[in-house]
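Numbering of ligands and ligand atoms starts at 1, following listing order. Numbers here are sequence positions counted from 1.
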Amino acid sequence: MDAQPVEADPTDADLTTTLATLIDLATPFAVRTAITLRLPELVAGGSTRLDALADASGAHQESLGRLLRHLVSIGLFTETAPQTYGLTPLSRHLLAEDGTWFRGWLNLESPGTKMDLAFTGMLHSIRTGHSAYGAVHGVPFWSDYQDNDALREFFGGVMAAYAWQTGPVLATEFDWTDVRTVIDVGGGIGALLAEVLAAHPHLRGEVLDLPPVVAEANQALREAGVADRAEFVPGSFFDPLPAGRDVYVVSRVLTDWNDENAGKILRRCAEAAGTHGRILIVEVLAGDDHAKRNTSFDLQSLVLLGGQERSPADTEKLAVDAGLVVARGRRWPGGLVVIECMSAGREN
Ligand SMILES: C[S@@+](CC[C@H](N)C(=O)[O-])C[C@H]1O[C@@H](n2cnc3c(N)ncnc32)[C@H](O)[C@@H]1O
């Protein structure tokens with residue numbers, strides 16, 4: 001048998017370097033500042049000299065030079081001649097990423113950064129178990145979301161970017177043959193519902209979400225060409241839900257809430273589904289390395305919303321505790337997990 005290579009213990013210098021990287025706040029903000037000033041776009045467009053970049057981005061030239069020195073040191077740009085910059089594989093990759101989903105989030109003037117700044121209140125979350133957003137910004141996330149159009153539209157757009165991926169999978173993998181009515185509970189602007197309705201012309205659907213979402217949802221349903229079979233229902237999933245629908249979809253909602261509140265939402269679905277309807281809990285896991293990446297998403301869920309990431313087994317337990325029977329749990333392409341439940345009193 002070959003001998004296993006022995007890994008050398010890290011030296012004190014290695015450990016200091018690792019720690020310095022872990023605690024560095026300058027780099028994330030330097031990258032976000034570069035994105036906000038559109039430096040990769042400007043360099044790609046030919047503004048490669050410091051004075052031209054300062055002019056085009058409206059920045060203080062000497063300070064911009066210091067920022068670029070750091071960005072060169074981390075590999076976001078290369079210095080091709082004194083005070084002249086070029087793209088690197090990293091900045092090309094950044095430019096290739098989808099604008100709304102990635103650069104939009106990281107722009108320091110966008111609602112995405114406001115959301116991320118909840119991390120500065122992590123201590124509050126760890127001490128209390130609650131979201132830090134209110135402690136940091138003075139107003140709880142879901143209140144700000146309802147009052148602040150830019151935040152709601154941004155969050156809705158990011159959610160829809162996921163739902164446009166999960167919707168087609170749900171539309172094709174789930175058997176909709178015997179279903180006539182479907183309601184997407186906390187369905188946002190209706191992106192998932194629209195995909196399901198578009199694939200199944202015999203279905204009628206509703207999206208239940210908070211009242212301020214109505215305009216964005218109606219527009220999205222119209223643009224998807226399903227407005228004649230879809231309706232927006234303003235309301236809260238903590239209140240009684242429209243009863244008697246064949247299928248209740250709860251997609252990527254439970255992770256926004258702690259077990260107590262997630263259980264309340266499922267109990268509302270169970271009540272409304274009665275002995276006839278089915279409940280589809282939809283979640284997206286971050287792939288095979290989920291367990292590793294999950295720790296970071298889980299903390300984001302906590303500090304932003306007071307929510308939590310759950311494994312499929314944890315979600316099934318939540319459903320059972322809410323009085324549901326799990327008919328089956330399945331994993332589909334794209335990390336999609338669908339747990340099909342029904343009320344404990346249902347006959348089949
Ligand atoms: C993470 S998003 C998921 C959206 C969508 N289901 C999807 O899969 O993309 C959570 C949704 O819950 C909605 N929401 C938050 N609180 C709510 C409440 N009390 N009642 C109904 N909807 C609510 C938000 O407006 C948002 O659309």
Does the pair Asp259/Arg310 count as a salt bridge with the N-to-O cut at 4.0 Å?
yes
Single-linkage hydrophobic cluster Ile74~Leu39, side-chain heavy atoms < 4.5 angstrom
yes
Is there a donor-acceptor pair closer than 3.5 Å between any side-chain N or O of Ser131 and the backbone N or O of Leu304?
yes
Donor-acceptor pair, side chain of Arg38 and main chain of Thr36, under 3.5 angstrom:
no
So is there a nitrogen or oxygen of Tyr145 less than 3.5 Å from a nitrogen or oxygen in ligand 1?
yes
Is there a nitrogen or oxygen of Ser251 sitting under 3.5 Å from a nitrogen or oxygen of ligand 1?
yes
Give the single entry among Asp209, Val185, Val249, Asp239 that approaches atom 26 (C) of ligand 1 most closely by any heavy atom.
Asp209
Is there any N or O on Ser236 that sits under 3.5 Å from an N or O of ligand 1?
yes
Who gets closest to atom 6 (N) of ligand 1 by heavy atom: Gly188, Gly307, Gly186, Gly156?
Gly186
Could you say whether the N/O atoms of Phe237 and ligand 1 ever approach to under 3.5 Å?
yes
I'd like to know whether ligand 1 has Trp257 as a neighbour, heavy-atom separation below 4.0 Å.
yes
Answer yes or no on whether Arg268 is positioned over the face of Phe238, meaning its NZ or CZ is under 6.0 Å from the six-membered ring centre and within 45° of the axis.
no
Please could you name the atoms of ligand 1 that Phe238 approaches to less than 4.0 Å, counting only its heavy atoms?
19 (N)
